[in-house]
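To keep things clear, I will list the structure first and then write my remarks on it.
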Amino acid sequence: MLTRFLVAAAALVSAASAQLTITNPSSDSWWVAQSSNTLAWTCNTSPYSNFTILLANSNPSVLVQPIAIIAIQENYDCSETITQQQSTQPAATGYTVLFANPLNSTDVYATSETFEIKALGSSYPATSSSSSPSGTSGSSSPSSTSTTGGALAQYIPAGAGMALALAMGLVVA
Ligand SMILES: *[C@@H]1O[C@H](CO)[C@@H](O)[C@H](O)[C@H]1NC(C)=O
Ligand SMILES: *[C@@H]1O[C@H](CO)[C@@H](O)[C@H](O)[C@H]1NC(C)=O
């Protein structure tokens, strides 16, 4: 009975972890050129504590290779406003945002849906979190203590979870 519960719990944990998804931009949530745009991701389920953010385009005449727009982004920020200084890319379709290993940018953790950068002056997507929503961008910094604890828990493989957690003294009886 207990075993079955633990297996189910472990399965849930494993389904919820190791999941980093870029939620904005997306196929129906574009960016606007030479403007501030919002980048957002599933920080709560991300197994990574930081990453490099790159911009790519499927058309080599727009971008020959991915370019880094943020060298090190902390996962706990959950979203970031990309300024026109960080991304000076022209209006075009076929863009993707990549989150990659800061030590090896070909080790890609997550890729956004293909999205469009529309011309300067275009309206932002209706439902979007584009422009600069207060309170959602990088200003809040939860204590690194809790972030570290959460990140550590995410790293524990499902099968070994309880034993490892006990061994590491993470489980308070
Ligand atoms: C990024 O995360 C790794 C491991 O998760 C850590 O070792 C490294 O110090 C972090 N780098 C920065 C710049 O925060
Ligand atoms: C970088 O990551 C790629 C993809 O995961 C891998 O094939 C390659 O060996 C890595 N390079 C280094 C130097 O670790």
Side-chain angles (χ1 to χ4, degrees), residues 6 9-27 31 36-89 92 94-115 129 132-172:
L6 287 177
L12 276 177
V13 167
S14 112
S17 67
Q19 189 88 43
L20 172 60
T21 304
I22 300 167
T23 53
N24 198 73
S26 69
S27 57
W31 279 2
S36 291
N37 291 285
T38 298
L39 178 64
W41 59 92
T42 56
C43 54
N44 294 334
T45 55
S46 169
Y48 310 105
S49 55
N50 56 51
F51 21 80
T52 291
I53 295 174
L54 304 106
L55 193 62
N57 195 290
S58 54
N59 181 349
S61 70
V62 177
L63 269 179
V64 178
Q65 60 183 25
I67 53 162
I69 57 175
I70 298 181
I72 294 274
Q73 173 63 51
E74 296 293 348
N75 176 62
Y76 60 64
D77 284 340
C78 302
S79 73
E80 193 62 57
T81 298
I82 306 299
T83 65
Q84 58 201 96
Q85 286 75 33
Q86 289 167 306
S87 172
T88 56
Q89 291 311 299
Y95 284 104
T96 45
V97 170
L98 311 177
F99 287 7
N101 182 338
L103 302 176
N104 175 0
S105 64
T106 61
D107 180 10
V108 174
Y109 296 159
T111 304
S112 74
E113 289 178 9
T114 302
F115 70 101
S129 44
S132 327
S134 54
T136 56
S137 62
S139 52
S140 67
S141 306
S143 80
S144 52
T145 322
S146 68
T147 305
T148 307
L152 190 59
Q154 302 270 11
Y155 278 118
I156 298 171
M162 187 55 69
L164 190 58
L166 284 169
M168 296 175 78
L170 290 176
V171 172
V172 180

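Position 1 is the first residue of the sequence, and the numbers go up from there. Note that ligands are numbered from 1 as they come in the structure, with each ligand's atoms numbered from 1 the same way.
At a heavy-atom cutoff of 4.0 Å, ligand 2 is contacted by the side chain of N104 but not by its backbone.
Taking the six-membered ring for Trp and thresholds of 30 and 60 degrees, F51 and F99 have nearly parallel ring planes, at less than 30 degrees apart.
Close approach to T106 involves these atoms of ligand 2, each under 4.0 Å from a residue heavy atom: 1 (C), 2 (O), 3 (C), 4 (C). Proximity to E74 (heavy-atom distance under 4.0 Å) selects the following atoms of ligand 1: 14 (O).
Side chains of N75 and S46: a donor on one and an acceptor on the other come within 3.5 Å. In summary, the side chains of S27 and E113 do present a donor paired with an acceptor at a separation below 3.5 Å, with no hydrogens or angles considered.
The minimum heavy-atom distance linking I22 with A110 is given by the pair CD1-O, 3.8 Å.
Here the CG atom belonging to L39 is positioned 11.5 Å from the SG atom belonging to C78, to the nearest 0.5 angstrom.
Distance screen at 4.0 Å: atom 5 (O) of ligand 2 has a protein heavy-atom neighbour inside the cut-off. Under the 4.0 Å distance rule, the nearest protein heavy atom to atom 14 (O) of ligand 2 falls inside the cut-off.
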